[in-house]
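A quick write-up on the structure given underneath.
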Amino acid sequence: MEYKPLCRERDEIRVISIEPSKSYSSRRGTENSWTPYIYHPLSIGNKYPCVPAVRIAVAEDLVHCKLEHVSLQDTVDSPSNEDVGSTNPGTIKVPAWRLQKDEKSDRVRDPYEDDKPAPRFLWGDFEALSYTWGEENANGRVVVNGSLCHVHQNLEAALRRLRALPETEYGMKYWIDALCIDQKNIPERNAEVKRMREIYERAWSIVVRLGEGTEDGDKACDSRTIWEFKWKPLMDLLRKPYWKRVWIIQELAMNHHHTLFICGDTAFFRQELELTLESCMRDSLLLQKWLDAKSDDSANENQENLFGLFQRVSSLMELNSHKLHGPRIEDVLSLAQEASSKDMRDKIYGIHGLLPTALSSRIQPRYDSSLNDIFQDFSKKLLQECGLDSVLSWGGSDLGLPSWCVDLSGPLSRYHIQSLRRRRANLDGKFPYTYRVSNSTNYLLCSGVFIDTIESATECSLNLSDLDGNLSVVHDFDDSQGGHPIVEDGALRGTLIVTLLLGHSARSGHKTSFLAAPWVENRRDNDTSEDFDFASDEQKTRELFWIVVKIKGYFGAFDKFRKANSTFKVQGHELKYFFPRWMPRIDARHGRYKENLTRAIFSDGSHAATDVRLAVVSLFGRALANTTKGHLAMVPSKARKGDVIAIVDCPFPIVLRPKGQGYEYIGECYLHGFMDGEAFAGDEQPKFEEIMIV
């Protein structure tokens, strides 16, 4: 299609108006009678340029649109427009609930309680559409300025839904990227990408079309308590492909609280979704168990990590809360890495408007460049503006890039633990660290200290499918060897706990941990090694402990890890011997157990479940490792014996693999005893070396 260039001096954009639905009685047209739509040349001197519409007869109820150029400088209160002050752009009718920001107020769905805000521009006002493009085929059809356009079916469906909105009838215009940007004009695409933040910020509102609706879809966000709402409509809504698009990260971050979400024929506003997600996040594990019990489709429902589902959508909603300084770059990069995109270059360009100004101003969108060139260029500029840790937090590329480069092409196999970025392994950069990229080789040259070498690591890395796993029935004990000699060394047990949790600050120092969970769930009926009454109150409280741990924590996944690595030695002790064989006996006559046995056991179970959840998250894509100097570490699962651990100008240690004259970057790690500058605490300071990461 032929496009008229936008006038940059006048801050022009293209917008569309949607005509009301009409019933046509004229002669039936044939598809061959349509002419391809052309964006007609416009006069730059025309203050209010538009494309003249040509009326043609149609037999079916296609969506009719008018495309025009408008200037964002033509505001009603602009001093330059005083000479046309008598111009009245009228009013635009919208439902009052769209303007509602008080979460305690009830909104009106039907009939509408209308309000008529005054447009902000001499030509009216506009909303921006956020939606999923869908498949590449262009089976949808709309009429633009009298000519037929073939578009994605999702866009045609979105336009039909927009046509039914009350503000459309009263003159609201819309900015839609597929129609308002010349997608085949690479220079224009490059330029418009840099304007996306401004466009979505200046839009009166954002209309989000999530996709087609489902049965009972209007009940998805009807309740703020997870035990009251219809769970299937909500799950269907959160599973929409829309939430995985990379472009929506920026679009939702620019959203306003009166943004309209549309799913099929159901409409709701932002705060309804936020409140529902808040309830879901708070009790996601309990909800998971409840849904598993009610689900008839174990192949689909039971394999979904609901916490991850809630977390992503909730994170997208929270981006809007950082109005003063913008969202944190680590949050934006994390969402982009997990998002999907048909053009991987959009993993960078789709978040351009959310990057720090010093960084975004140096990034020029170039859709004619290769993906590797774009990722390398972004990595270099991110290094210069945000520091070494911002780059290495996302490094370890498998794309054929230098291993240190940022790779947003797909999600990491491990959860990105932000708590590691709050540590001080490099002693807050108080030493003369340096880093730079070689112009000739693109290798990263940085000063650092080699600390240790990996000696051994556990196997069986956890993944999402393990979250709903059952307890293992493998006991893995040789009773002929004299029972179960549990490791009593309190310091070593504490080191194991903290390491498996990556030193997570959420653990508040409670005494009961996952190490209190017995290796075998229940004592065998024929076990007479101790006087034990299965009907006693003590046994009931032990059962309560298990109920709490299994319901409130992903214990099946943790049990898989420990059983698969039962003989892995932690400073000479096999892992299984850090756990009691049975649930320990409880003396109800002493301490807090004497006052309220049930409450104490429930508290112990809750603490253990908290540790289990944190440990499982930490173990996703990671392994527990021993070093040659006798330290414990948590390293990426692809780390192996012989890899070295170093400290560079990052708050966390890193794992490197010798490769030729340099090292391949494997990833970040937790090295117990070296997370807060302890490497530099002695009188003899370690030797700094130049490390070449290839």
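Computation of the quantities below employed the complete heavy-atom set of this structure, encompassing side-chain atoms and omitting hydrogens, waters and symmetry-equivalent molecules. Small disclaimer: the values here were computed from a predicted structure and weren't measured.
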Checklist entry - Are a donor atom and an acceptor atom from the side chains of Y200 and S130 found within less than 3.5 Å of each other? => result no
Next on the checklist: So, applying side chain to side chain contact (heavy atoms under 4.5 Å, CB included) with E192, which one of R189, K194, R195 is it?
Outcome noted: R195
Next on the checklist: Under the criterion side chain to side chain contact (heavy atoms under 4.5 Å, CB included), I'd like the reasoning laid out for S393 against R421: C-alpha separation, chi angles, the key distance, then a yes or no.
Outcome noted: CA-CA 8 Å; S393 294; R421 299 192 68 187; 3.6 Å; yes
Checklist entry - Can you tell if the side chain of W243 reaches within under 4.5 Å of the side chain of L237, non-hydrogen atoms only? => result yes
Next on the checklist: Before you tell me yes or no, could you show the steps for E318 and R328 under salt bridge (charged side-chain N to carboxylate O under 4.0 Å, His left out), namely the whole-Å CA-CA distance, both residues' side-chain angles and the distance that decides it to 0.1 Å?
Outcome noted: CA-CA 11 Å; E318 290 174 0; R328 298 185 306 174; over 6 Å; no
Item to check | Close side-chain approach of L383 to L388, heavy-atom, < 4.5 Å | outcome: yes
Checklist entry - Given R161 and E212, is the salt bridge (charged side-chain N to carboxylate O under 4.0 Å, His left out) satisfied, shown in steps? => result CA-CA 11 Å; R161 193 63 180 84; E212 296 299 327; over 6 Å; no
Checklist entry - Side chain of K347, backbone of L408: donor and acceptor closer than 3.5 Å? => result yes
Checklist outcome for this item: Heavy-atom nearest pair, E198 first then D11, reads OE2-OD2, 3.0 Å
Next on the checklist: Give me the atom names and distance for the closest heavy-atom approach of S379 to V391.
Outcome noted: O-CG2, 3.7 Å
Checklist entry - Taking side chain as C-beta onward, heavy atoms only, is Y174 less than 4.5 Å from E167? => result yes
Checklist entry - Looking only at heavy atoms, which two atoms of D177 and Q183 are closest? And how far apart? => result O-NE2, 2.9 Å
Checklist entry - Under 4.5 Å between any side-chain heavy atoms of F514 and V616, yes or no? => result no
Checklist entry - Once you round to the nearest 0.5 Å, how far does CG of D343 lie from CZ of R345? => result 4.0 Å
Checklist entry - How close do A157 and R209 get, heavy atom to heavy atom, and via which atoms? => result CB-NH2, 3.4 Å
Checklist entry - Does T499 have any side chain to side chain contact (heavy atoms under 4.5 Å, CB included) partners at least two apart in sequence or in another chain, and if so, which? => result T495, L624, L632, M634, Y670, H672
Item to check | Rounded distance [0.5 Å steps], CG in L252 versus CG in L316 | outcome: 5.5 Å
Next on the checklist: Run F126 and L72 through side chain to side chain contact (heavy atoms under 4.5 Å, CB included) and show every step you take.
Outcome noted: CA-CA 10 Å; F126 77 104; L72 295 179; 3.9 Å; yes
Checklist entry - Please walk me through it: do Q364 and N190 pass side chain to side chain contact (heavy atoms under 4.5 Å, CB included)? => result CA-CA 7 Å; Q364 302 299 323; N190 293 342; over 6 Å; no
Item to check | Working for side chain to side chain contact (heavy atoms under 4.5 Å, CB included), residues M172 and L165 | outcome: CA-CA 9 Å; M172 182 68 78; L165 296 180; over 6 Å; no
Next on the checklist: For a 4.5 angstrom cut-off between non-hydrogen side-chain atoms, does W175 reach C180?
Outcome noted: yes
Checklist entry - Are any non-hydrogen side-chain atoms of E668 and R622 less than 4.5 angstrom apart? => result yes
Checklist entry - Between atom CD1 of I176 and atom CG of L129, what is the distance when rounded to the nearest 0.5 Å? => result 5.0 Å
Checklist outcome for this item: Minimal heavy-atom distance between C669 and F652, with the atoms involved, is O-CB, 4.1 Å
Next on the checklist: Apply salt bridge (charged side-chain N to carboxylate O under 4.0 Å, His left out) to residues R270 and E274 and explain how you reach the verdict.
Outcome noted: CA-CA 6 Å; R270 185 189 190 100; E274 290 175 341; 3.0 Å; yes
Checklist entry - F268 vs F261 aromatic rings, parallel, tilted or perpendicular, using cut-offs 30° and 60°? => result parallel
Checklist entry - Taking all atoms of both residues into account, what is the closest heavy-atom pair of C650 and D389, and its distance? => result SG-CA, 3.5 Å
Next on the checklist: For Y131 and W133, take the angle between the two ring planes, folded into 0 to 90°, and tell me which bin it lands in: parallel under 30, tilted 30 to 60, perpendicular over 60.
Outcome noted: parallel
Item to check | Student check: side-chain heavy atoms of T610 and R613 closer than 4.5 Å | outcome: yes
Checklist entry - Has the side chain of K173 got a donor or acceptor atom that lies under 3.5 Å from a matching backbone atom of G124? => result no
Checklist entry - Has the side chain of D125 got a donor or acceptor atom that lies under 3.5 Å from a matching backbone atom of R120? => result yes
Item to check | Between CG on residue D611 and NE2 on residue H504, distance to nearest 0.5 Å | outcome: 11.0 Å
Item to check | Value rounded to 0.5 Å, distance of CD in E127 from OG in S205 | outcome: 5.0 Å
Checklist entry - Are E272 and T276 close enough that a side-chain donor and a side-chain acceptor fall under 3.5 Å? => result no
Next on the checklist: With a 4.5 Å cut-off on side-chain heavy atoms, are L392 and Y435 touching?
Outcome noted: no
Next on the checklist: If you count every heavy atom of other residues, nucleotides or ligands that lies below 6.0 Å from D265 atom CG, does the total exceed 12?
Outcome noted: no
Checklist entry - What's the spacing between K244 NZ and R312 CZ if we round to 0.5 Å? => result 5.0 Å
